[in-house]
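Let me begin by presenting the structure, written as structure tokens, before commenting on it.
Atom set for the values below is all heavy atoms of this structure, side chains included, hydrogens, waters and symmetry mates excluded. As the structure lists them, so they are numbered: ligands from 1, and atoms in each ligand from 1.
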Amino acid sequence: MASLPDLLTVARLAPFLIEPLQGAFTVHERLHELDTAAFERAAPRIRAICGSGESKVSAELMARLPKLEIVSIMGVGYDGVDVAAAKARGVMVAHTPDVLNDDVADLALALMLNIARRIPQADQHVRLGQWPAGPMPLARKMSGSRLGLVGMGRIGQAIADRAKAFGMTIAYTARSARPGLPYAFHATPRALATVSDFLVVITPGGAATRKLIDAEVLRALGPEGYLVNVARGSVVDEAALVTALQQGVIAGAALDVFENEPNVPEALRALPNVVLVPHIGSATVQTRHAMAARAFDNLQAHFAGKPLPSAVRECQQ
Ligand code: NAP
């Protein structure tokens, strides 16, 4: 019987992905991190890498794998993968777009409602027995307010679809306008922020978007404005955000992603005007199963000599 292709995992993958992988590959679970000597022995045979959206797949790692053919990411964001280095070697990179649009968009709306209506504080108000002593301070109405989307791709459009049901006015910024969409385009995040009550960030991470949301954008958002980040922590200047929140430059922030996950600065955690969740944009049973199936399908297709269901844009013909 022919031996199974060797595959290196570069994340703690869920059992519902590891199990099918083990049926089709000789799986080396995070050997590069856990057992250097075993990794050195396996490296010359490894033909595939499988990781998550947060995984780092550097040029250095790939250079140690002479037989590498494909990197399959279970996630839509692949800013941790050195795609230029992969392409230069003829290594394919695949990801799992679309299947997570609903979940990430649902979470964006949930974060907007949570920060505006102060749901975590309201929950505490009841739990801590504060209700009999009096009502909570009044919150902020979300329906009918102005949404600015930094990024209008697959997930941005799913957020806009939901915001329409809340009667929100929708505008966006991106690298280029999408003339087919019925929303106002602004050339920069700063210009968008001046006309937004909720500025929701949903671009890719990586060098091109690093600190796109800086002190100037936050000043433009203003003291009645809320920042929501469901993209990548790198897109927001976290130190500038903390200062803006401390000084009332903006009203509040709701964040799913952080600059140095899983570490969240104490200064951010201490603030009352934030809602913080641990990168759970796609973290439902249904969506993670769909993402795992797609990550596996990309690998299967590659080794069957078929076109990949979802190669990243840079690797498409
Ligand atoms: P997408 O369809 O590729 O859309 C990306 C959008 O960002 C596009 O509108 C694009 O504009 C815009 N953009 C890209 N680079 C930009 C730049 N330098 N300046 C301004 N706008 C820029 O991607 P998607 O599927 O919607 O996913 C977006 C991102 O969400 C992912 O890359 C990932 O980082 C993040 N995400 C987070 C979670 C989570 O758990 N929180 C889950 C899934 C995804 P153009 O159209 O002009 O190129």
- Could you check atom 4 (O) of ligand 1 against the protein and tell me its nearest heavy-atom contact, residue, atom and distance included? Gly153 CA, 3.2 Å
- Tell me, please, which residues at least two apart from Tyr183 pass ring pair (Phe, Tyr, Trp, His ring centres under 6.0 Å). none
- Message: Could you report the tightest heavy-atom contact between Asp256 and Ile280, atom names first, then the distance?
- Response: OD1-N, 2.6 Å
- Item | N/O donor-acceptor pair under 3.5 Å between Asn260 side chain and Asn263 backbone | no
- Task: Check each atom of ligand 1 against the heavy atoms of Thr203 and keep those under 4.0 Å away; list them by number with element.
- Result: 7 (O), 21 (N), 22 (C), 29 (C), 30 (O), 34 (O)
- Looking only at distance, does Thr173 have an N or O less than 3.5 Å from an N or O of ligand 1? no
- Task: Output the list of atoms in ligand 1 that are nearer than 4.0 Å to some heavy atom of Ile202, sorted by atom number.
- Result: 28 (C), 30 (O)
- Distance filter under 4.0 Å to His279 heavy atoms, resulting ligand 1 atoms: 39 (C), 40 (O), 41 (N)
- Note on the structure: for atom 35 (C) of ligand 1, nearest protein heavy atom and its distance come out as Ala231 O, 3.7 Å
- Task: Write out the residue and atom name of the closest protein heavy atom to atom 12 (C) of ligand 1, then the distance separating them to 0.1 Å.
- Result: Gly151 CA, 4.0 Å
- Message: Regarding ligand 1, does Val104 bring an N or O atom to under 3.5 Å of one of the ligand's N or O atoms?
- Response: no
- Message: Could you tell me, atom by atom, which parts of ligand 1 come under 4.0 Å of a heavy atom of Ala174?
- Response: 9 (O), 11 (O), 20 (C), 21 (N), 47 (O)
- Identity and separation of the nearest protein heavy atom to atom 43 (C) of ligand 1: Val76 CG1, 3.5 Å
- Message: For Asp103, give me all partners under salt bridge (Lys or Arg N to Asp or Glu O under 4.0 Å), at least two apart in sequence or on another chain.
- Response: none
- Taking the six-membered ring for Trp, are Phe25 and Phe303 parallel (under 30°), tilted (30 to 60°) or perpendicular (over 60°)? perpendicular
- Task: State if Pro97 counts as touching ligand 1 under the rule of any non-hydrogen atom under 4.0 Å.
- Result: no
- Using modelled atom types only, decide if a donor and an acceptor are shared between the side chain of Ser310 and the backbone of His95 within a distance under 3.5 Å. yes
- Message: With no hydrogens and no angle check, just 3.5 Å: does a side-chain donor-acceptor pair link Glu314 and Tyr78?
- Response: yes
- Message: Any nitrogen or oxygen of Thr209, side chain or backbone, less than 3.5 Å from one on ligand 1?
- Response: no
- Query: Can any side-chain N or O of Arg140 pair as donor or acceptor with the backbone N or O of Glu224 at less than 3.5 Å?
  - Reply: yes
- Message: Suppose we measure from atom 23 (O) of ligand 1 to each protein heavy atom; which comes out shortest, and what is that distance?
- Response: Arg154 NH2, 3.5 Å
- Message: Does ligand 1 come near enough to Asp79 that some N or O of the ligand is less than 3.5 Å from an N or O of the residue?
- Response: no
- Task: Run down the list Pro204, Ala105, Pro189 and name the one with the heavy atom closest to atom 14 (C) of ligand 1.
- Result: Pro204
- Which ligand 1 atoms are under 4.0 Å away from a heavy-atom of Asp256? 39 (C), 40 (O), 41 (N)
- Note on the structure: To the nearest 0.5 Å, atom CG of Leu308 lies from atom CZ of Arg294 at 11.0 Å
- Item | Derivation and outcome, side-chain contact (heavy atoms from CB on, under 4.5 Å), residues Leu255 and Leu241 | CA-CA 11 Å; Leu255 309 170; Leu241 175 62; 3.8 Å; yes
- Task: Taking the side chain as every heavy atom from C-beta outward, state whether Leu65 and Ile49 have any pair of such atoms under 4.5 Å apart.
- Result: yes
- Item | Winner among Arg178, Arg232, Met152 once heavy atoms are compared against atom 46 (O) of ligand 1 | Arg178
- Note on the structure: Closest to atom 48 (O) of ligand 1 among protein heavy atoms sits Arg175 NH2, 2.7 Å
- Message: Does any N or O of ligand 1 fall below 3.5 Å from an N or O anywhere on Val230, backbone included?
- Response: yes
- Message: For the backbone of Leu212 and the side chain of Thr209, can you confirm whether one donor and one acceptor N or O come within less than 3.5 Å of each other?
- Response: no
- In ligand 1, the atoms that come under 4.0 Å of a heavy atom of Gly77 are 32 (O), 33 (C)
- Item | Atom pair OG/CD of Ser234 and Glu259 - distance to nearest 0.5 Å | 7.5 Å
- Protein heavy atom at shortest distance from atom 26 (O) of ligand 1: Ile155 N, 2.9 Å
